[in-house]
Number of protein chains: 2
Amino acid sequence: MAKVDTSLVAHLPLFAGVKPEELDEILREARSARYPKNTAIFEQGADAQSFFLLLHGHVRAAKTTPTGEQIVVRYVAPGETFGLAMAIGSAHYPATAMAVDDSVVLIWPTSAWPRLIERFPALAANTMQTVGKRLQESHTRILEMSTQQVEQRVAHALLRLANQSGKKLDRGIEIDFPISRQDIAQMTGTTLHTVSRILSGWESQGLVESGRQRIILREPHRIVVLAERNPDSGAA
Amino acid sequence: MAKVDTSLVAHLPLFAGVKPEELDEILREARSARYPKNTAIFEQGADAQSFFLLLHGHVRAAKTTPTGEQIVVRYVAPGETFGLAMAIGSAHYPATAMAVDDSVVLIWPTSAWPRLIERFPALAANTMQTVGKRLQESHTRILEMSTQQVEQRVAHALLRLANQSGKKLDRGIEIDFPISRQDIAQMTGTTLHTVSRILSGWESQGLVESGRQRIILREPHRIVVLAERNPDSGAA
DNA sequence: CGGACAGTTTGCGATAGCGCAAACCAGGCT
DNA sequence: AGCCTGGTTTGCGCTATCGCAAACTGTCCG
């Protein structure tokens, strides 16, 4: 089994309130694995045999409709868990997880979960927090989709990504993994065409700098303004 | 304190795996209260001092934007919990809860939660399930808002309500609490005007029968078809 | 070094749904 | 019984956004 240094993960929210020696015991139940860029980690609908903790890289969780359309549920950043189907009482993964960058994960068998939470109740509590937070974020997203127009939603989405996985550059904040217009469209409930138009517009105003699967926010402040502006407060 | 008959609540998902005598102990920590139609149970942003179990009636949970627009997060049916802010680690209610009908609830002080789950781990597990299920429903809703048009979304919303709180009539299924076009609009991310038009249309096709805050699905089957139909499968 | 491809940009017409405004209506209250 | 109020219906013009199609471009690969 791969040996994982406890000190690397001890500070993660998942392990809050867990003693070092306990942590060791928890980690012994896990194995680690590497997923190259653009490989699937699990597929929507598959048996939930494992749950995961992302150590390095980035993972996209996406849900597909019967008719084939996709939405991005979220991007998983290092230190976050994913594939928690079993914790919420589902035997199957409700979404597909895909490494968008070379990624390293810890993997526990689903079967270990009951034992783990019995022995380490903090794990259950922490997971509850996490799931609750995600629920709130979902509601916020629904609120946005209901009340804001596309440009504002895209602004919000980018700011969130920058916040979660932004790399500070001197010319701005770069989103630290490959992300296409299509991806952003699937996060905001629009089309890649519309996203492209919006980003083009922003680029010509110097708000962002962007290229192939790459986005740098040059003026986060002014983007915040866009995100919050009332639909009818006209700009020159 | 109001005495609540354990047999009335023993079968609820929240108490799955809890022994009768334990249940008694849990209920002793609760008080019950009655909220008349159209009274607020708690307000978004308020301190989360209690959590609730709905016994009778119906409660609407709604979230308001800074600019005053609202969305309906969900309708709470009897037997369901709400106001679980504390379980997910939030000190404030993320939404407003309002009785849409005369309602009776059990109320536990937030402060009792840690003790309860320590003594009755099943409670924590059950709550986890519930929250997880709601998360999934949120994702489904996001998916729908991203990929379907308004008419389909309204169809889905009504079918869900009928399913959750439908009263079987010989002429169809009636949604068992007062609900306005505005409410439906806030569930589906559209305007009351559009909902009104859609329902008018359906009414003239004999799909529904509706009036003031009242909706009866006369042809659930045909509404299912609407909900699932592909955007471009033209009807005559 | 030259494809070939995946991602991106852009134009143009079509339209679903919005926003506003006005009229209508059912039921509760006095 | 009649009035008031909150909910509902409907018409009409407008526009944000989609959908399709075509051209463009940075990258990777052989």
Handout entry: Distance-only side-chain donor-acceptor flag, B:T65 / B:T67, under 3.5 Å
Key =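 Result is yes, a qualifying pair exists.
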Handout entry: Under 3.5 Å side-chain donor-acceptor pair for B:Q148 and B:H156
Key =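 Yes - a donor-acceptor pair under 3.5 Å links their side chains.
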Reckon [X] has a side-chain N or O less than 4.0 Å from the OP1 or OP2 of [N]?
X      : N      : value
A:T190 : D:dT17 : no
A:S196 : C:dT9  : yes
A:S200 : C:dT8  : no
A:Q149 : D:dT17 : yes

Practice task
Indicate for each nucleotide in nucleotides 20-30 of chain D, in 5' to 3' sequence, whether protein heavy atoms under 4.0 Å reach the base (B), only the sugar-phosphate (S), or nothing (-).
Solution key: BB----B----
Identify every side-chain donor-acceptor pair in residues 191-198 of chain B under 3.5 Å, counting partners at least two apart or on other chains, and give the distances.
{"from": "B:T191", "atom 1": "OG1", "to": "B:T194", "atom 2": "N", "distance (Å)": "3.3"}
{"from": "B:T191", "atom 1": "OG1", "to": "B:T194", "atom 2": "OG1", "distance (Å)": "3.2"}

For atom [atom1] of [X] and atom [atom2] of [N], their distance in whole Å:
X      : N      : atom1 : atom2 : value
A:Q182 : C:dC5  : CD    : P     : 19 Å
A:E203 : C:dG7  : CD    : P     : 19 Å
B:L199 : D:dG7  : CG    : P     : 16 Å
B:K37  : D:dG7  : NZ    : P     : 10 Å
A:E69  : D:dG19 : CD    : P     : 9 Å
A:I184 : C:dT9  : CD1   : P     : 10 Å
B:I198 : C:dG17 : CD1   : P     : 7 Å
B:W202 : D:dT9  : CH2   : P     : 13 Å

Handout entry: Test side-chain contact (heavy atoms from CB on, under 4.5 Å) applied to A:L14 and A:T127, step by step
Key = CA-CA 7 Å; A:L14 174 61; A:T127 302; 3.9 Å; yes
From the list [options], which nucleotide is the closest neighbour of the side chain of [X]?
X      : options                : value
B:L192 : D:dT8, D:dG19, D:dT17  : D:dT8
B:T194 : D:dT17, C:dG17, C:dG19 : C:dG17
A:Q213 : C:dA16, D:dT8, C:dT8   : C:dT8

Could you list the donor-acceptor pairs under 3.5 angstrom formed by side chains in residues 38-56 of chain B, with sequence neighbours left out?
{"from": "B:T39", "atom 1": "OG1", "to": "B:P36", "atom 2": "O", "distance (Å)": "2.6"}
{"from": "B:Q44", "atom 1": "OE1", "to": "B:T64", "atom 2": "N", "distance (Å)": "2.8"}
{"from": "B:Q44", "atom 1": "NE2", "to": "B:T64", "atom 2": "O", "distance (Å)": "3.3"}
{"from": "B:D47", "atom 1": "OD1", "to": "B:H92", "atom 2": "ND1", "distance (Å)": "3.3"}

Handout entry: B:S165 and B:H58: CA distance, side-chain angles, deciding distance, side-chain contact (heavy atoms from CB on, under 4.5 Å) verdict
Key = CA-CA 9 Å; B:S165 306; B:H58 285 277; 3.1 Å; yes
Exercise for the section: Find out whether A:E151 and A:R229 are in side-chain contact, i.e. whether some heavy atom of one side chain is under 4.5 Å from a heavy atom of the other. Expected result: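 Yes; the side chains approach each other to less than 4.5 Å.
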Practice task
Please figure out whether A:V195 or B:G211 has its closest DNA chain D nucleotide nearer the 5' end.
Solution key: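 Of the two residues, B:G211 wins.
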